[in-house]
Colleague: 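Sharing a structure here in structure tokens format.
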Amino acid sequence: MKDDISRVRLSYGRAIAKSGFLPRFYDIFLASDRAIARKFVNTDLEKQQGLLAMSVNMVILFPQENKIAKNAVGRIRKSHCREGLDIEPHFYGLWKSSLIQAVSEHDMEYNPQIEGSWRKVLQIAIDHIAEGH
Ligand code: HEM
């Protein structure tokens, strides 16, 4: 897992350094399901991109028992629960595949090993957030 996290951190660094990465993620994610687009009708997507950039870092550090990441992911779990934003668990698969698609287009060193690490690392925080629904 340690190697997976290092690989993902480097890949994320390369992807986010390229312009268009975050808007591309939202284009893919919002187009993946009409119900997802509906959730974001009143959202300032530019502001949301900044929040996403930060929270992906937290999601990546979460499997290492990082305290700050644990708090941040715990907050997202609360805000996304049934009584809050009410994000149904099946939407997290689309979030994950949209992010990986955007990374694959922006990380010039992207390869199957990096993809495997992304899938493994993201799933841990996703399981934790979705279980809180
Ligand atoms: C692991 C995956 C995800 C992460 C890390 C994440 C992160 C965040 C963060 C940091 C915020 C802003 C602060 C907050 O409310 O907590 C937020 C808001 C939001 N998220 Fe997520 N999210 C994830 C998955 C999803 C999914 C699958 C949906 C499905 C539609 C979604 C929909 C929303 C909406 C609608 C908002 C509120 C936007 C607004 O303020 O108008 N999120 N998310």
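Along the sequence shown, residues are numbered consecutively beginning with 1. In listed order, ligands and their atoms are each counted from 1. Remember, it's a predicted structure, so these values are computed and weren't measured experimentally.
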Colleague: Once you measure the plane-to-plane angle for Y26 and F40, does it fall in the parallel (<30°), tilted (30-60°) or perpendicular (>60°) bin?
Modeller: perpendicular
Colleague: Give a yes/no verdict on whether any heavy atom in R75 is under 4.0 Å from an atom of ligand 1.
Modeller: no
Colleague: Under 3.5 Å, is there a donor on one side chain and an acceptor on the other for H133 and D86?
Modeller: yes
Colleague: Determine whether the side chain, the backbone, both or neither of I129 has a heavy atom under 4.0 Å from any heavy atom of ligand 1.
Modeller: side chain
Colleague: For atom 7 (C) of ligand 1, state which one of S55, A125, G93 supplies the nearest heavy atom.
Modeller: S55
Colleague: Taking the N/O/S atoms of H80 one by one, which is nearest to atom 21 (Fe) of ligand 1?
Modeller: NE2
Colleague: Heavy-atom pairs closer than 4.0 Å: do any link ligand 1 to the side chain of M54, the backbone, both, or neither?
Modeller: neither
Colleague: Looking only at N/O atoms, are N42 and ligand 1 under 3.5 Å apart anywhere?
Modeller: no
Colleague: With rounding to the nearest 0.5 angstrom, report the NE2 to CG distance, H106 to L22.
Modeller: 9.0 Å
Colleague: Please could you name the atoms of ligand 1 that F29 approaches to less than 4.0 Å, counting only its heavy atoms?
Modeller: 26 (C), 27 (C), 28 (C), 29 (C)
Colleague: Suppose I only count heavy atoms of Q48 and a 4.0 Å limit; which atoms of ligand 1 are within that range?
Modeller: 11 (C), 17 (C), 18 (C), 19 (C), 38 (C), 43 (N)
Colleague: Can you sort out which atoms of ligand 1 are near F91, meaning under 4.0 Å from one of its heavy atoms?
Modeller: 27 (C)
Colleague: List every atom of ligand 1 that sits less than 4.0 Å from any heavy atom of F40, numbering the atoms from 1 in the order shown and giving each element.
Modeller: 30 (C), 31 (C), 32 (C), 33 (C), 34 (C), 35 (C)
Colleague: So if I count the atoms of ligand 1 from 1 in the order they appear, which ones are less than 4.0 Å from some heavy atom of T43?
Modeller: 38 (C), 39 (C), 41 (O)
Colleague: If you define the side chain from C-beta out and look only at heavy atoms, does anything of L45 sit under 4.5 Å from L30?
Modeller: yes
Colleague: Could you tell me whether R24 and D27 make a salt bridge, using a distance below 4.0 angstrom between a side-chain N and a carboxylate O?
Modeller: no
Colleague: For ligand 1, which atoms sit closer than 4.0 Å to a heavy atom of V59?
Modeller: 5 (C)
Colleague: Quick one: OG on S117 to CE on M1, what's the gap to the nearest 0.5 Å?
Modeller: 8.5 Å
